[in-house]
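Sequence positions, counted from 1, serve as the residue numbers for this chain.
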Amino acid sequence: MTHSWFKPERITSRQSGPVAPEVKTKKPSREPSAKVLANTPDAALSIVQDELSARSDDSVPRPGDAYVQSFARGLAVLRSFGAQTPAQTLSEVAANTGLTRAGARRILLTLLALGYVTNEGRLFRLTPKVLELGFAYLTSQPFWTQAQPVMESLVEQLRQSSSAAVLDGNEVVYVVRVPAHKIMSINLGVGSRLPAHCSSMGRVLLAGLPDVQLEQRLSEMTLTAYTPQTIVDHDRLRDVLMQVRAQGWCLVREELEPGLVSVAAPIRDINGRVVAAINVSGSADKASASHVLDVCLPKLLAAASRINALLGAAH
């Protein structure tokens, strides 16, 4: 498998009243020590100032009426957990998100209070409550619940896995998955992501974009080679996408993973726009190109047509 802010001025504060003996009266450094933060009346202000100055790269959006930086950082903390980082310490979260330890700690404690993370000693983990965030999207698209029986029937007929996905940036995100048997080293499920440029559903979704959006997407896309067969030339990929757009389906053979063949078709809304894709996939050793085109493709197109009808009815 696009995205004017003000720069916060340095805030200074004056301390009223006597100063506690253990606190020095000199101006605190930009990154005050934990001891000073714990004993200074302006501790909260210092933490906020430290967080706002943590990222000085001009490419990062600045706080403003249209951008809530603390919320964005909370989402970054949630995204930092994954298959490679199922459990993290405070320091690891800070390093993986680019936040200060103080900022990461505040966010983790907030997520802990809300039930989205749990902690075991120094380690933090996500809780199942995080699934509510993803399934809110699925439940807001009720036609996928209706589409699943159609896909299950397709899998039963072909004895091959079927999935549905939507485009998110340069990746596809799985919204429905009906496996027949394990054919990939990647463990796929709802929410899984794959690169759009070398997956059958990704190419269907890219081909469905308006020309201006497609050209912008291609200009920003890094074409990573996952196998020797992966197309990594932008001009060649554009030609392939034009062919996919014209024929209304896409066949990809061993470009994402050796031994994997996949064919996909578009899912359109009531206005004819491509909003999702559905595929069937199997072993390249067992399914020749002719078998996929002669046997799998007609049944896939029929299933896509039934789902399109459901989508139209849902609207």
Side-chain angles (χ1 to χ4, degrees), residues 1 83 128 131-168 171-196 198-206 208 244 248-269 274-289 291-314:
M1 293 270 268
L131 293 174
E132 295 176 0
L133 304 177
F135 279 99
Y137 167 77
L138 294 177
T139 55
S140 70
Q141 309 289 329
F143 61 87
W144 287 120
T145 302
Q146 298 173 301
Q148 181 147 350
V150 177
M151 297 172 60
E152 290 174 348
S153 175
L154 181 64
V155 171
E156 185 176 352
Q157 295 175 57
L158 297 176
R159 301 296 185 217
Q160 293 184 341
S161 301
S162 180
S163 305
V166 295
L167 188 65
D168 184 24
E171 298 176 316
V172 298
V173 181
Y174 279 55
V175 293
V176 182
R177 172 73 172 165
V178 182
H181 49 76
K182 186 175 176 61
I183 57 173
M184 297 184 67
S185 61
I186 305 171
N187 186 20
L188 294 176
V190 173
S192 295
R193 290 174 173 267
L194 291 177
C198 58
S199 59
S200 62
M201 290 191 291
R203 288 183 181 173
V204 163
L205 292 165
L206 289 172
V244 170
W249 52 270
C250 177
L251 174 67
V252 172
R253 188 178 180 86
E254 298 190 281
E255 290 193 48
L256 178 61
E257 183 171 307
L260 177 68
V261 60
S262 175
V263 61
I267 301 298
R268 301 178 184 275
D269 66 11
V274 177
V275 294
I278 180 177
N279 82 340
V280 289
S281 55
S283 170
D285 296 334
K286 298 179 180 179
S288 64
H291 173 78
V292 171
L293 296 178
D294 296 341
V295 178
C296 299
L297 180 59
K299 295 183 182 300
L300 172 67
L301 293 176
S305 179
R306 290 194 293 272
I307 295 174
N308 287 334
L310 293 172
L311 181 55

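- Here the SG-CD distance, from Cys198 to Glu257, works out to 10.5 Å after rounding to the nearest 0.5 Å.
- Within a 6.0 Å radius of CD in Glu152, other residues, nucleotides and ligands contribute more than 12 heavy atoms.
- For the residue pair Ser162 and Met151, the shortest heavy atom distance occurs at OG-CE, 3.6 Å.
- How far CG of Asn279 is from CG of Leu251: 11.0 Å, rounded to the nearest 0.5 Å.
- Here the closest non-hydrogen pair linking Gln146 and Pro149 is O-CD, 3.1 Å.
- The CD1 atom of Ile307 sits 3.5 Å away from the CD1 atom of Ile278 when rounded to the nearest 0.5 Å.
- Between Ser281 and Leu260, the closest heavy-atom pair is CB-CD1, 4.0 Å.
- Contact of the Leu300 side chain with the Trp249 side chain is not registered, since no non-hydrogen atoms from C-beta on lie closer than 4.5 Å.
- Contact record, Met201 with Ala277: SD-O, 3.4 Å, taken as the closest heavy-atom pair.
- Each of Ser199, Ser163, Ser161, Ser200 was scored for a side-chain contact (heavy atoms from CB on, under 4.5 Å) with Ser262, with one residue passing: Ser200.
- A donor-acceptor contact shorter than 3.5 Å is absent between the side chain of Glu171 and the backbone of Ala196.
- Minimum heavy-atom separation, Asp168 to Arg193: OD2-NH2, 2.6 Å.
- The CZ atom of Arg306 sits 6.0 Å away from the OG atom of Ser153 when rounded to the nearest 0.5 Å.
- Taking both residues in full, the closest heavy atoms of Ala265 and Leu301 are given as CB-CD2, 3.7 Å, listed atom of the first, atom of the second, then distance.
- For the pair Val263 and Val280, the minimum side-chain heavy-atom distance is below 4.5 Å.
- Atom SG in Cys296 sits 10.5 Å away from atom CD in Gln157 (nearest 0.5 Å).
- Between Val261 and Val252, every side-chain heavy-atom pair lies at or beyond the 4.5 Å cut-off.
- Using a 4.5 Å heavy-atom cutoff, the side chains of Arg203 and Glu255 are in contact.
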